[in-house]
Amino acid sequence: MASVTDPSAPLLLTTVAELRGAADRVRAEGLTVGLVPTMGALHEGHLSLMRAAARRSDRVFTTIFVNPTQFGPNEDLEKYPRQLPRDLELCARAGAHAVFAPSRSEMYPEGESTRVTVSGLTDHLCGAGRPGHFQGVATVVTKLFAAAGPCVAVFGKKDYQQLKVIERLARDLLLPVQVIAAPIVRADDGLALSSRNAYLSGAERNQALALSRGLSLAGRRYASGERSVAALRALVLEQLEAASVRVEYATIADPETLEPLNDSELLAGPTLLALAGFVGNTRLIDNLVLGRDPDPLATLPEGAK
Ligand code: AMP
């Protein structure tokens, strides 16, 4: 049986048994497994997770699965970009040793009926507008953790609430997984990379820049001493509305519990500023932990922010 040793030609695994066997063999050699779960249509953000996994483990396993249970009935499951051959090449270039790309029935065998629910954390932010979404995420990630076994798993802060949900489920279910958070990777103009950016027209992409611009403005206002939730939210909402982004939420929340702060409150310590909105039909999210994260537009010249 092939072993997981050569990052220039990652091993393609399609069954749970193959994934489990390959990960077991890595550990039997005294090496560690790094896991990077994705839905494919890979971009530099995903590749940065693979590099982070390579720094923290001996063998990187990337998973590519468009998970049906995390999509709502009116969401983009059918049109979500799928490009496995290209993704495999990108995985090879990013140093993944193995790619797990299962079928739907492999992950959800006929007659399955178990779901994983993380309560509390999932009431807020995206959980409010996408009922069932985090249950789908928690279920598939639990399955991936169960199949991969003890590992280091890397997730992006781009999906901040998802990261918190996964940290919580790994802890609550006593899973032998160390969850690592990786920073948001952005395009040169500040837009957070996302597989869904492929849906945007040129004009929509310009509108979408209001998210990172709003976060940057709020971050700089926070750095110069502003602590009012109302004032910081107003700044962001002004940017989003000026660019005709249909706002789902612009919320300032506790970075651990994700409990939203009221407009009448003042920030005390690092606080999450999380945004979700639609540009045309495309739903985009972005976030910044005020008082902790760098300026999302740090690489742009002052006049261009
Ligand atoms: P997805 O394929 O969108 O489900 O994302 C798979 C993983 O990549 C998740 O942990 C995401 O948070 C992470 N990710 C997606 N976009 C970015 C980005 N721009 N920067 C860093 N991580 C990202």
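Positions are given from 1, in the same order as the sequence printed here. One-based numbering, in listed order, for ligands and for the atoms of each. These values consider heavy atoms only, across backbone and side chains, with no hydrogens, waters or symmetry-generated copies.
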field: Contacting atoms of ligand 1, where contact means under 4.0 angstrom from a heavy atom of Leu49
entry: 7 (C), 8 (O), 10 (O), 13 (C), 22 (N)

- prompt: Any nitrogen or oxygen of Ser194, main chain or side chain, under 3.5 Å from a nitrogen or oxygen of ligand 1?
  reply: no

- request: May I ask you to test the Leu290-Leu215 pair for a side-chain heavy-atom distance under 4.5 Å?
  value: no

message: Does Arg227, at its CZ atom, have more than 12 non-hydrogen atoms belonging to other residues, nucleotides or ligands within less than 6.0 Å?
response: yes

field: Shared hydrophobic cluster for Phe100 and Leu175 (ILVMFWY, side-chain gaps under 4.5 Å)
entry: yes

- prompt: Hey, is Asp76 close enough to Arg283 for a salt bridge, meaning N to O under 4.0 Å?
  reply: no

query: If we only count N/O pairs under 3.5 Å, is Phe155 in contact with ligand 1?
result: no

query: Side chains of Val165 and Val137: closer than 4.5 Å at any heavy-atom pair?
result: no

field: Lys157, portion touching ligand 1 at heavy-atom distance under 4.0 Å
entry: neither

task: Identify, for atom 10 (O) of ligand 1, the protein heavy atom at the shortest distance, and state residue, atom and that distance.
output: Gly156 N, 2.9 Å

- prompt: Quick one: does Leu193 get an N or O within less than 3.5 Å of an N or O on ligand 1?
  reply: yes

task: Identify the two heavy atoms, one from Leu144 and one from Leu35, that lie closest to each other, and give their separation to 0.1 Å.
output: O-CD2, 4.3 Å

field: The one among Gln162, Lys158, His46 that brings a heavy atom closest to atom 17 (C) of ligand 1
entry: Lys158

message: Within the structure, is a non-hydrogen atom of Pro183 found at a distance of less than 4.0 Å from ligand 1?
response: yes

message: Which residue and atom name correspond to the protein heavy atom nearest atom 4 (O) of ligand 1, and how close is it?
response: Met39 CG, 3.6 Å

- prompt: Should His43 be listed as contacting ligand 1, given a heavy-atom distance under 4.0 Å as the test?
  reply: yes

For atom 11 (C) of ligand 1, the protein heavy atom that lies nearest, with its residue and separation: Asp159 OD2, 3.0 Å

query: Val247 and Val236: same hydrophobic cluster, using ILVMFWY side-chain contacts below 4.5 Å?
result: yes

query: With a distance cut-off below 6.0 Å to the six-membered ring centre and an angular limit of 45° from the axis, does Lys143 pair with Tyr108 as a cation-pi contact?
result: yes

Asp263 vs Arg233 side-chain heavy atoms within contact, under 4.5 Å: yes

message: At under 4.0 Å between heavy atoms, is it the side chain or the backbone of Val36 that contacts ligand 1, or both, or neither?
response: neither

task: Determine the minimum heavy-atom distance between Thr257 and His124, stating which atoms define it.
output: O-CD2, 4.0 Å

task: List the closest protein heavy-atom neighbour of atom 20 (N) of ligand 1: residue, atom name, distance to the nearest 0.1 Å.
output: Val185 N, 2.8 Å

- line: Honestly, for Pro37 the part within reach of ligand 1 (heavy atoms, under 4.0 Å) is backbone

query: Purely on distance, is any nitrogen or oxygen of Ile184 under 3.5 Å from one on ligand 1?
result: no

